[in-house]
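Notes for the one structure printed next.
Atoms within each ligand, like the ligands themselves, are counted from 1 in listed order. Keep in mind the model is a prediction, meaning the values are calculated, not measured.
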Amino acid sequence: MSLANGTRPRVLLLGVIERAQSAWASVGEVADIVTPKANNRPDFIKESLSGAFGGCTVAYRTFESVAVTGKVDAELVRALPSSLRFICHNGAGYDQLDIPSCTARGIRVSNTPSAVDDATADIGIFLLLGALRNLAVSMTSLRAGEWRGKTLPALGHDPQGKILGILGMGGIGSNMAKKALAFGMKIRYYNRTRLDGSLEKEVEAEYVDFETLLRDSDVLSLNLPLNAKTRHMISSKEFAMMKRGITIINTARGGVMNEAALVDALNSGQVNSVGLDVYEDEPRIHPGLLENPRVMLVPHMGTWTVETMIKMEEWAISNVRSALESGTLRSIVPEQRDM
Ligand SMILES: O=CC(=O)O
């Protein structure tokens, strides 16, 4: 493939391709791959402004590349080469990217929506069962040679017959609903838009308003994207409306829930137990969560499986190919659908 002026297209690689080597090699056949030398944001910005990435039309980025570039915010977007037209993000959640800034610069962004559904819902179910059973402490005490611990852990709870409230019924939420049905849970959900009747039937879920979801749920699972509207959607006021002793699962993004308010709600007993894969300021974790035996913690590993990693990388790479070959994206983010 060559551009009108006879040169090969250039693709900027931000992060590492872990598994989908052959799919990535197919990009290398048609484009020159450029990788930054910088390993921190100031150096990356300097390198970019020096013209090192000039001519790149497409960038592929991973969630972890934020450690080098920082967030793709207005400042970073300004520093990117003026040739850049597409950013193909490997991940479902794209809150690391400031979409309005990308749109203003004419940069289209894609994510990898349904590729993550199974693995994320699986870790959601793992956290749900683990939090209901208070397994965090006994798993740690066993490894410390103390069997069930110095004091007996509190008895856990069964999922059967409990109401699982799903906040955000997209691909992950509905996948989780189907899996929770196998554990005998009753599903309620709240979503910006109600599912169509057949999908609602398939997941056997009852649509309720936000407040009813908070009031009725025995377990609440957060499955919605983080954006300006959803930041701190669950905070002190919402905890106060919940059933006393609720269990909360978050595999979405930490910022959807106010972590300091969560610690208070755990300390007061309003929230009985929590299962978390995501945190407000990763990799920092609120000490009140680390100290609390009723908190089950996983370090953002919802999609951390060989199969899902391959699916996600291949999906993101298919966006790179599509951008190079036809100037379109397979899965542009919803905010840019009209672009
Ligand atoms: O957190 C994982 C993802 O957004 O894909």
Side-chain angles (χ1 to χ4, degrees), residues 13-20 23 59-73 87-99 102 109-128 166-176 179 191 221-231 233-234 248-257 259 274-285 296-320 329-336:
L13 173 60
L14 301 174
V16 176
I17 308 289
E18 299 279 356
R19 294 275 166 171
Y60 171 104
R61 81 178 290 279
T62 64
F63 184 87
E64 286 74 23
S65 70
V66 75
V68 173
T69 65
K71 293 211 167 142
V72 184
D73 55 11
I87 299 179
C88 303
H89 171 67
N90 178 12
Y94 49 91
D95 48 289
Q96 291 176 336
L97 296 106
D98 180 35
I99 301 300
C102 292
V109 177
S110 62
N111 66 340
T112 62
S114 59
V116 306
D117 293 354
D118 264 317
T120 310
D122 288 352
I123 206 114
I125 294 287
F126 168 82
L127 289 168
L128 185 155
I166 295 189
L167 182 56
M169 196 59 129
I172 299 168
S174 39
N175 192 306
M176 185 142 170
K179 285 168 178 157
N191 201 43
S221 174
L222 309 184
N223 296 105
L224 70 179
L226 175 65
N227 54 45
K229 288 199 188 101
T230 62
R231 182 173 296 280
M233 194 160 170
I234 302 295
I248 301 181
I249 309 304
N250 191 3
T251 59
R253 284 293 182 266
V256 170
M257 184 156 57
E259 227 164 62
V274 184
L276 301 175
D277 184 39
V278 288
Y279 307 89
E280 260 201 271
D281 185 21
E282 296 178 12
R284 202 194 64 87
I285 300 184
M296 179 112 179
L297 305 164
V298 174
H300 201 151
M301 298 179 84
T303 57
W304 208 250
T305 69
V306 170
E307 296 80 3
T308 295
M309 176 80 77
I310 293 173
K311 265 194 277 179
M312 292 169 71
E313 287 186 343
E314 287 183 346
W315 186 307
I317 292 168
S318 75
N319 272 306
V320 172
L329 291 169
R330 173 180 170 196
S331 49
I332 194 163
V333 297
E335 295 89 328
Q336 293 186 331

Show the nearest heavy-atom pair for residues Met312 and Gly91, with the distance to one decimal. CE-CA, 3.7 Å
Atom indices of ligand 1 within 4.0 angstrom of Gly91 heavy atoms, with elements: 5 (O)
Would you check whether Ala92 has a nitrogen or oxygen atom less than 3.5 angstrom from a nitrogen or oxygen atom of ligand 1? yes
Look at atom CZ of Arg330 and say whether more than 12 heavy atoms of other residues, nucleotides or ligands are closer to it than 6.0 Å. yes
If we number the atoms of ligand 1 from 1 as shown, the ones under 4.0 Å from a heavy atom of Val116 are 5 (O)
I need the minimum non-hydrogen distance between Met169 and Asn191, along with the two atoms involved. N-OD1, 2.9 Å
If I apply the N/O under 3.5 Å rule, does Arg253 come out as touching ligand 1? yes
Taking only non-hydrogen atoms of Met312 and a 4.0 Å limit, the atoms of ligand 1 in range are 5 (O)
Would you say Gly93 and ligand 1 have an N/O pair spaced under 3.5 Å apart? yes
Restricting to non-hydrogen atoms, name the atom on Ala115 and the atom on Thr308 that form the minimum distance, rounded to 0.1 Å. O-CG2, 3.6 Å
Just to confirm my output: which protein heavy-atom neighbour is closest to atom 1 (O) of ligand 1, and how far is it? His300 NE2, 2.7 Å
If the threshold is 4.0 Å, N to carboxylate O, is there a salt bridge linking Asp95 and Lys71? no
